[in-house]
Amino acid sequence: MDEGDDDDAAGNEPDDDMTNPNKNKKKKKKRLLGKGVLRSHVPFLKRHCSNRVRSVLGPARALIHSSPDFAHQLWVELFPIAWSHLTGEQRLALTKPINSLLARDYHKRQRWMHPNPIETLLTAFGKCHPLPNIRPELLAYLGKTFNVWHVAIDQLERRVLHPPDPRLQLGHRDVDQDFYLHDGTPGSLMRATGDVVDDLNRDPELEATSLADLYEGLSERDVWFGLWRQRVVTEYSRAALALEQFGWWSRAQDTFFLAMNKQSKFPNDPSVRDVSNAEKSMWELEWVRCARHLNQWDVLTEFSRSAGNPELQLECSWRRGDWRTLSDLCSKYDLHESSSGNLYNIYMSMHERDPKKMDREGKLCELGVQLALQEWASLPKFTSTTH
């Protein structure tokens, strides 16, 4: 058979639509069904096209008062839309009121409720582009206190790990430049760079410190090490952090001590001249951590006295069995607000073995259990290393 015969054969193939009348009937039935749905929908559209916004606000207000979850979702969805329609100057003007609202003390009354007002506000702010400029230390405090750890971490990571593009100045923040994010979804340059309102008044060092504090609170030590490696400027810090991460506590402690000693004696030395206050503080805290792992409680006792650190003094006195010093510290400081401080009071009361104070021991134990449960409840819902 030649090529012409092939074409004829191809052209003479029976059409599926003509040989399948049932298929044609199904298509026709679907078209009629679609038209019927549209016709039935026309009266609904005519009836509701004259409705105003107030017709929706009334039922929405009733639902908001009856369902906290609905109120949370509604605010989270609507606020970013409203924020996107504000000008750069209007967003800048709202920076101070937003910080003032979040810092109000009355929010603590609802800290154990979920969703709570702080959770709703921060979740909505996290969906805004650009981000409202919330003070980083306030953001870290709210994340810990109101169990919105990852909401606060997300906003701080967008500031620290994705610094704003220098092309985005105040007068250009309403310009949405087209591009595609790393996952292929469309976005804007502000969204990709984590731009924050009022960039000129930001404190990158404080933002990174607050982010590291949240990582520490969740016991995310590996992420904490990675963040600090990006921040440090001295080879002493890089070496000490690497040794500490791999469990070389003694060598890490010696390296931290060498860095502190050199900075105090030779502050103009090129190797430690540009070190920041945050890095100096990190040296001291990690040196103490290494000493704890090495059980150097005598050394830590002297350090805590010279540094005026009562919390470390309490721990050292308990570890060394110095009950007289522990008793003096317990009577000097109010330790009932933290679970660890309350625990020292229980140890002290058990050591004294005074029958007249048995009731006090029971109350201290009940208080300790309540404080421990509160700290547990303030952690994320899913189980992590910190649990």
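Counting from 1, the numbers follow the sequence of the chain as shown.
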Q: Within the 4.5 Å heavy-atom criterion, are N116 and R111 side-chain neighbours or not?
A: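 No, too far: nothing below the 4.5 Å cut-off.
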Q: Determine whether P132 and W83 make a side-chain contact, defined as any pair of heavy atoms from C-beta on separated by less than 4.5 Å.
A: yes
Q: Would you compute the distance between atom CG of L122 and atom CD of E119 and round it to the nearest 0.5 angstrom?
A: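 Output value for this atom pair is 9.0 Å.
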Q: Shared ILVMFWY cluster between W228 and F256, side chains joined below 4.5 angstrom?
A: yes
Q: Would you mind telling me which of L156, T95, L102 makes a side-chain contact (heavy atoms from CB on, under 4.5 Å) with I134?
A: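 When L156, T95, L102 are each tested with I134, the side-chain contact (heavy atoms from CB on, under 4.5 Å) holds only for L102.
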Q: I need the minimum non-hydrogen distance between T234 and V272, along with the two atoms involved.
A: CG2-CA, 4.2 Å
Q: Quick check against the 3.5 Å criterion: does S304 have a side-chain atom that pairs as donor or acceptor with the backbone of T301?
A: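 At least one qualifying donor-acceptor pair exists.
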Q: For the CH2 atom of W248 and the CG atom of D254, what is their distance to the nearest 0.5 Å?
A: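 So the gap between those two atoms works out to 12.5 Å.
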Q: Would you say that R229 contacts Q245 through its side chain, given a criterion of any heavy-atom pair below 4.5 Å between the two side chains?
A: yes
Q: What's the spacing between L139 CG and E207 CD if we round to 0.5 Å?
A: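 The CG atom of L139 sits 9.5 Å away from the CD atom of E207.
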Q: Taking all non-hydrogen atoms of both residues into account, name the closest pair between P68 and P115 and its distance.
A: O-CG, 3.9 Å
Q: If you round to the nearest 0.5 Å, how far is CG of D154 from CG of L161?
A: 10.0 Å
Q: Donor-acceptor pairs under 3.5 angstrom involving side-chain atoms of residues 71-79: please list them, not counting sequence neighbours.
A:
| from | atom 1 | to | atom 2 | distance (Å) |
| --- | --- | --- | --- | --- |
| H72 | ND1 | T120 | OG1 | 2.8 |
| E77 | OE2 | K127 | NZ | 3.4 |

Q: Could you give all pairs that pass the ring pair (Phe, Tyr, Trp, His ring centres under 6.0 Å) test and reach residues 285-305, with sequence neighbours left out?
A: W249-H293, W287-F303
Q: Quick one: side chain to side chain donor-acceptor pair (under 3.5 Å) partners of R319, sequence neighbours excluded?
A: none
Q: Should we say atom CZ of F257 is surrounded by more than 12 heavy atoms from elsewhere, each under 6.0 Å from it?
A: no
Q: Can R238 and E235 be counted as an ion pair, charged N to O under 4.0 angstrom?
A: yes
Q: Applying side-chain contact (heavy atoms from CB on, under 4.5 Å), run through L227 and V160 and close with a yes or a no.
A: CA-CA 9 Å; L227 178 62; V160 176; 4.0 Å; yes
Q: Can you find a pair of side-chain heavy atoms, one from I153 and one from L218, that are under 4.5 Å apart?
A: yes
Q: Could you check whether atom CZ of F70 has more than 12 heavy atoms from other residues, nucleotides or ligands sitting under 6.0 Å from it?
A: yes
Q: Counting only heavy atoms not in Q296, do more than 12 sit closer than 6.0 Å to its CD atom?
A: yes
Q: Taking the side chain as everything from C-beta on, heavy atoms only, tell me whether F246 gets closer than 4.5 Å to R251.
A: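 No - every pair of side-chain heavy atoms lies 4.5 Å or more apart.
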Q: Going by the angle between their ring planes, with limits at 30° and 60°, are Y347 and W318 parallel, tilted or perpendicular?
A: parallel
Q: Is H107 reaching over with its side chain to a backbone N or O of A103, donor-acceptor style, under 3.5 angstrom?
A: no
Q: So, R135 versus S210: side-chain donor-acceptor pair below 3.5 Å or not?
A: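 No, because no side-chain N or O of R135 sits under 3.5 Å from a partner of the opposite role on S210.
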Q: Any idea which heavy atoms bring R159 and P136 closest together, and the distance?
A: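 It is NH1-CD, 4.1 Å.
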Q: If you compare all heavy atoms of L294 against all heavy atoms of S250, which two are closest, and at what distance to 0.1 Å?
A: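 The pair with the smallest heavy-atom distance is CD1-CA, 3.8 Å.
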Q: Indicate yes or no: at least one non-hydrogen side-chain atom of W224 is less than 4.5 angstrom from one of S219.
A: no
Q: Rounded to the nearest 0.5 Å, what's the gap from CG on L300 to CD on E302? Could you check?
A: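 If I round to the nearest 0.5 Å, the distance is 9.5 Å.
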Q: Under 3.5 Å, side chain of N147 to main-chain N/O of A377, donor-acceptor pair present?
A: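 At least one qualifying donor-acceptor pair exists.
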Q: In plain terms, say whether E216 and R221 are close enough for a salt bridge, that is, a side-chain N and a carboxylate O under 4.0 Å apart.
A: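 Answer for the salt bridge query: yes.
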Q: Quick one: does any side-chain atom of S378 pair with a main-chain N or O of E375 as donor and acceptor, under 3.5 Å?
A: yes
Q: Look at the side chain of S67 and the backbone N and O of I64, then say whether any donor-acceptor pair between them is shorter than 3.5 Å.
A: no
Q: Got M348 and L329 here, is their nearest side-chain heavy-atom distance under 4.5 Å?
A: no
Q: Same cluster or not: are Y141 and L101 linked, directly or through other Ile, Leu, Val, Met, Phe, Trp or Tyr residues, by side-chain heavy atoms under 4.5 angstrom apart?
A: yes
Q: Quick check: do M282 and V232 have side-chain heavy atoms less than 4.5 Å from each other?
A: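 Yes, at least one pair of side-chain atoms sits under 4.5 Å.
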Q: What distance separates E311 CD from L314 CG, expressed to the nearest 0.5 Å?
A: 8.0 Å
Q: Restricting to non-hydrogen atoms, name the atom on L364 and the atom on S349 that form the minimum distance, rounded to 0.1 Å.
A: CD1-CB, 4.5 Å
Q: Evaluate D322 against L326 for side-chain contact (heavy atoms from CB on, under 4.5 Å), listing each step before the verdict.
A: CA-CA 6 Å; D322 188 355; L326 186 62; over 6 Å; no
Q: In terms of side-chain heavy atoms, does E279 have a donor or acceptor partner in Y236 at a distance below 3.5 Å?
A: no
Q: Please check if L94 and I81 belong to a single hydrophobic cluster, counting links between Ile, Leu, Val, Met, Phe, Trp and Tyr side chain heavy atoms closer than 4.5 Å.
A: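 No; I81 is not reachable from L94 via cluster members.
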Q: Which heavy atom of A152 sits nearest a heavy atom of G143, and at what distance?
A: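 Of all heavy-atom pairs spanning A152 and G143, the closest is CB-CA, 4.1 Å.
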